[in-house]
Amino acid sequence: MEASTTGTNNSVVDPNDLLVIDDVKKHFPITRGIIFQKQIGSVKAVDGVSFSVKKGETLGIVGESGCGKSTLARCIIKLLETTGGQINFDGRDITKLSRSTMRPIRREMTMIFQDPYASLNPRKRVGAIVGEPLEVHNLGSASEIKTRVQELLEVVGLNPEHYNRFPHEFSGGQRQRIGVARALAVNPKLIVCDEPVSALDVSVQAQILNLLKDLQDDFGLTYIFIAHDLNVVRHISDRVLVMYLGKVVEIATRDVLYKEPKHPYTGALLSAVPIANPELGRKREPIVLEGDVPSPVNPPSACNFHPRCPRFVEGHCDVEEPPLYSFGNGHVAACHYALERWPMDASEIRRASASRAPEPEPEQPLPA
Amino acid sequence: MALLEVKDLRTSFHTEDGIVGAVDGVSFSVEKGQTLGIVGESGSGKSVTCLTIMGLNAKRNTTSSGEAIWKGKNLLTTKPRELREIRGNDISMIFQDPMTSLNPVHTIGKQLIEAVQLHRDVSNRVARARSLELLKAVGIPYAERRIDDYPHQFSGGMRQRVMIAMALINDPDLLIADEPTTALDVTTQAQILTLMKRLQEEFGSAIIIITHDLGVVAETADDVLVMYGARVVEHASVEELFNRPQHPYTWGLIGSLPRLDIDVERLIQIPGQPPSLLRPPRGCRFHPRCSYVMEVCKTTVPELLPTQREPDHLQACHLDEETKDREAAKLLESMMAEAG
Amino acid sequence: MFRYLIRRILWAILLFIIITFVTFVIFFMGPNDPARAQCGGDQARPACLKLVTEHYGLNKPLYVQYWRFFDRLVVHQNLGYSYANGSSVNQTIAKAAPVTASLVFGGAVIWMMIALSLGVYSALRPRSLLDRTAMVFVLIGISAHPVWIGLIFEYVFGVKLGWTPIANYANFFGAPAGSGLPGGPWQWFYHMILPWFTFALLFAALYVRMVRANVMETLNEDFVRTARAKGAPERRILVSHVLRNALLPVVTMLGMDIGVALGGAVFTETVYQLPGLGQNLVVGIQANDFATVQGVVVFATVAILLFNLIVDVLYAWIDPRIRLA
Amino acid sequence: MHRRLWLSVAMLVAGASLLVAASFASAGTASHALKQGGIWKYGTTGASVQVDPQIAYITTAWWLEYSTAAKLYNYPDKPGPAGSTLHPEVASKFTVSKNGKTYTFTIRKGFKFSNGKPVTPASFKYAIDRVANKGLASPGAQFITDPNGTNIVGAAKVNSGAAQHVSGVSVKGQKLTVHLTKPDGTFMAKITMPFFQATSTALPLSQEVVTVHSANDLPSAGPYTYTRNDVNQLTSVRRNKFYKTGPGRHRPHNLQGLDVFWNQNEATLYNQVAANQVDEDPVPSPDKVQGLANQYKVNKSRFWAKSQNCTGYLPLNMSNSLFKGNLPLRQAVNYAIERAPYVGQAGPYAGDTWTHLFNPGVPGWRNVSLYKRNLATAKKLAKGHLKNGKITVYFRSSGTVNPAQAQIVRSDLQAIGFQSGNINMKGFSGGNIYTAMGVKGNDADMGVSMGWCSDFPDPYDWINVLLYGPSIQADNNVNYSYMNIAKWNKKMASAAKLVGPKRYKVYGQMDLDLMKQVAPLAATRTYNNRYFFSNRINPKSLVYQGIYQDFSIGAMALK
């Protein structure tokens, strides 16, 4: 436990870090009782997550549904109050900021949502939707806002003349472009993208991914990119964080993570992704995990992946919670029996080497 | 003889805005024990094709033509009564969203037993035994206990297993799976795809798998049908398709996919949006988005023709084969190069 | 489930206290003088008012009166005596409740019959002639006031055609001996036909729309497609898969509407002169007869809460997602 | 109900003018021509009334009581003056002691209650005990415990709860003796109120009888008796089987009985009478009246209109700043009110316009019209007397007639110079306006759609009750004008002591003088009852009894 809670304290913040998340928790209480609702438990949606994001980089967060990645995103931009931990944005602790003091900071971190159909108000015109954050933050007169909105529409590849149209007049991909334009409107430093392409068709998905990359290059944006699709995350991210049941299981740079995953869960995820190459795809035998993701209300003891883990070692994994072991270069993974190499097939992965992984990271800032 | 032979299938919906040609002249055949993948984006007509074969389109405001020959019978002209006997018995289907595809107010046991008894005159006990057998076969733990549970008590993956059990319960000759894993997580998807493969070996059914995910197709299908704008643009064996794709749309699809096995800095993007089927483009429906567009593409519909080298590889593009081979090779090479 | 029930009951009690107290306060806020009713109304003389006021304790503070009412109700199950005519409110309600129950439940049967048949049929044949006709019916049912409908029915079927009685109630279990009034099940039915239809029309109209929408929506559900793909015949699909799911929200609505329906019953009872709760309420309000008003409110509240409880249980029974949650 | 409420029952023929007919009452009109039997169905929009003889009070309750009660002396079932003379009924005669404080009645034998038990002097003593009983809270108690009026010895003690039996009433053989604390000329009229009818000792002393299921539940000794009372549903009276013709027992009883259906819907009730399913609708809606009158004529067959002893008026509050000491403005209001449309709101045959307090039912009334509408005069009078120009008007918001009348008054007020924004109209539903106006110090300057009916046909009940200053108390006032002028108080007090024709002459003049010199109110109208009957009833049997201002039930007959 101690390693995973080892976080950054403010004094050693790397000036290159735009966002530092330290041991953030979000527990949703479960109450019971007839009149006096007493809390009998909690859904540990996010349970002690620490990481940092450097200026101008893209951090991918990947995990299956229910792993807490969307909750984490909402905690970061303070749509949800955290239960514990600290969020440092651009050198400021924003964890406890009130609504009003948070307001100027909201300009600097925006969000793109998954469902381009649901996240745009169908009764508002595109101009109003994109211009809304500008109005909220009082950035300019009506005509200035209009000019800015048209500029933004052009930036995201829409016809600025479509300023007066309604969202339903656009296709899914175009709507997501509107969402991107809205997020860009206030010149944010950080954009949290929550599954921005999962509702889109493949060809359109590529357009949006390319657009996001272009915008990052042009405006020096920092992204937190949340997705369940490992292909997409790999394509867009510089570093990738894998979550399972509210906890970080592995963080590494993109190339390292995909080439040398250390955590068996990461390995299982990678091997489960179908590859659009019949020769390659059929040759390998995927590591098929048994059963379903357990409930976050009552997560398994110690390493919460242990009931499904192909390398589960009884009496260890279910007793001692693995800290985030370091594998050098900021690569950390929470496993006592990290994968020795990759790829492995299903039978190989079961043979965990008895040797312990390296010692836990000493107290120091998380992956640089 | 092919198990199912579809010839020139056309389906259109009459809406308030006009006629939507959802399927426009689709032909293919499915062999016994084989898996056919149908790939395309939403609105390409891949699902409607299968619903038409099954006679599951809404009757109102829908017209269909063409043939779907199943054991000598044209399913499109079969009486509803006979078609009902085929559905769920000879041909069964599983759907995209396991969360909504089961009736929430009945136990899964009841729904499985119903599936049996619709086609077999057997007692409840026998039907229940059969249901249990299938639940075990699809890997539902504690099947004896869970058979009396309601759908909401199962996870998504488990529900899809139940759907598969229900589809296989009468030993169908053909299983149509419409995006069976789209709504599932990647590890669950792997479970389901593995399960389907295993069951195909056990039950010997032919499968039509409809998906937008090239990865799923690459891993499961023997033959692949690529659909675009209600038409088939390419039809080939899975190796042919991935090694020598012959249609610019297929190139776009392959190129636009972020992949685990190869690295690209920038995805190849297909510009524009999928066509409206209410007012589809003239000529080749892909021409407004195609970077190889020629004058002929704008006026003449390209026929689905075999390539010279491989008669089983059908494609519908006006480009000459040499160019296509060259462009395909270039695409794969560029991707490999970046990967390297 | 048990826990859920307990919680519902506790809520019901709280709600009950609030409702009765609010009724109390509202009634005493106005310049009402319940004593006036017993002293000849407009011309009440001071001496009489004083006498009656003291007799009923109307000069006591509000909370004392409320406490007296509450104590009497809970300890003695006694709703007190009418300020206007001294009759036992318990008896008044015991007589009125069966009348209102006859109207509401009979009406509910009719409205559900109309709503189900018309609703399902129009859902299966959208835009057909019947569907369009049904929508016209809905429009009339929703826009017409029950009093107006009642008077039209009375005039057409009672006065002009003479098929039905114009108004009044006939006791199901026979009229009081020697009263010469109509009674017995047939007379009861005969007298209730017009009120039932008048009462049912509005709700039938609302429910036709709801049933139609629900059935159409359910027909588009994935599990209906699954059932078709299994090879189930349409009739079976409708009965086993569509109706039960489509009727779930209808059951909830039914629970919520019972209160509204009791309100609607006031109009029907007034126009057909049915001596039910609604009419007693109206008369009680007009006569400043707080005891009767409060009695009806208490009884109606309990009835509504009880009915909602039954509907909740019923709903849980129909919908496993609630039962097993 | 409200119309019904207005129907008051006159019961007092004041003081010395009380003439007790010495002769035997003539038998009821020979009724051979009239059909015997049948049930008369009467529907009303009103709520149930009480049936307990000691609780029932005025309006429909007393109309029914007059058919079921046997009293010491009674009014015959006859129209006009013949109907307002007292005749011996259960008592064959009475004597008054010299000091005027002791009345002794001789009780006849032969009267029987509907449960077969005989009527005895104790039956009347029991009635008085019940009226005085504290627990029963009879509205009749005020009439026998009045220190300034009728006061039976011991009644106040019983009424305070200190005793069970009124000590001043004693029974000896067939004699009933009543002792008063002081002489009282109105005693005979008061003892004729239905409160004091022969009452069966089977009734509980201190508990009201409400539910009746048979003739034994509420025995009475008159020609009819209650056989059923379902509150707010149905009240039935049927012939008293034990009422046999004999000395004192001459009252007609043509019908087998009468059923009253309460709480009927106005329109439905009309339909039912039109379809002859119900026989009597005493409240046809104003918009139906003209049609009925045209079709059936008035007082001939199925439509009848009969006057009530009531006057409608607008009280002008003389204790609030606007009208206080402001005679010109009070007169101006009298000149400004447009009475014809005001009365017209209630429909045809609802009554006539009226300009002073005494209507033709009040002894001493004069057929004079005082304030003919004259806007010019009104404006001239009002000019400079509008004070701050603000006026608060209480009106009755229920129904259609009352608000329409309020609108008329409002525009009349505007006509004499009140600005529309300065007229504050406050609505009250039902009879609540009386409660509000009855509170001393209320903010009303005037009230609309108000009025007064005689409880007994004596001018005292108008002038002294409505305008006598010293009677003003904290609340429950009926002096809605809050008039309190010493000179006039003195005049009223002395007029009250007068007897005979002079009394009426003085009061008649005082009515006109008050209206001219003080104008504490603006009289507006008189009232009629209107009735719609089925074709089953015999119009010849309709006898309008002036005392309780409705048709005698005993005289009624079907065709």
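Residue numbers begin at 1 in each chain, while the letters A, B, ... track the order of the sequences. Only a predicted model underlies this, so the values are computations on that prediction, with no experimental measurement involved.
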*Asks:* What part of B:T187 gets closer than 4.5 Å to chain A, counting heavy atoms only: side chain, backbone, both or neither?
*Replies:* both
*Asks:* Can you tell me which portion of B:Q189 sits under 4.5 Å from chain A's heavy atoms? Options are side chain, backbone, both or neither.
*Replies:* side chain
*Asks:* Among A:D229, A:V273, A:D255, which residue has the highest count of heavy-atom pairs closer than 4.5 Å to chain B?
*Replies:* A:V273
*Asks:* With a 4.5 Å limit on heavy-atom distance, are the side chains of B:Q273 and A:Q207 in contact?
*Replies:* yes
*Asks:* Where on B:T220 is there a heavy atom nearer than 4.5 Å to chain A: the side chain, the backbone, both, or neither?
*Replies:* backbone
*Asks:* Identify which part of A:V232 has an atom lying under 4.5 Å from any heavy atom of chain B, answering side chain, backbone, both or neither.
*Replies:* both
*Asks:* Between B:P271 and chain A, which part of the residue has a heavy atom less than 4.5 Å away: side chain, backbone, both or neither?
*Replies:* backbone
*Asks:* Can you tell me how far the CG atom of A:N210 sits from the CD1 atom of B:I268, to the nearest 0.5 Å?
*Replies:* 10.0 Å
*Asks:* First locate atom CG of B:D185, then atom CG of A:L269, and finally report the distance between them rounded to the nearest 0.5 Å.
*Replies:* 9.0 Å
*Asks:* Using a cut-off of under 4.5 Å on heavy-atom pairs, state which of A:P278, A:G63, A:A272 scores highest against chain B.
*Replies:* A:P278
*Asks:* Looking at chain A, which one of B:G252, B:G255, B:P274, B:A221 has the largest number of heavy-atom pairs inside 4.5 Å, strictly under?
*Replies:* B:A221
*Asks:* What distance separates B:L267 CG from A:Q205 CD, expressed to the nearest 0.5 Å?
*Replies:* 8.5 Å
*Asks:* Is a side-chain donor or acceptor of B:Q191 paired with a backbone partner of A:L289 at a separation under 3.5 angstrom?
*Replies:* yes
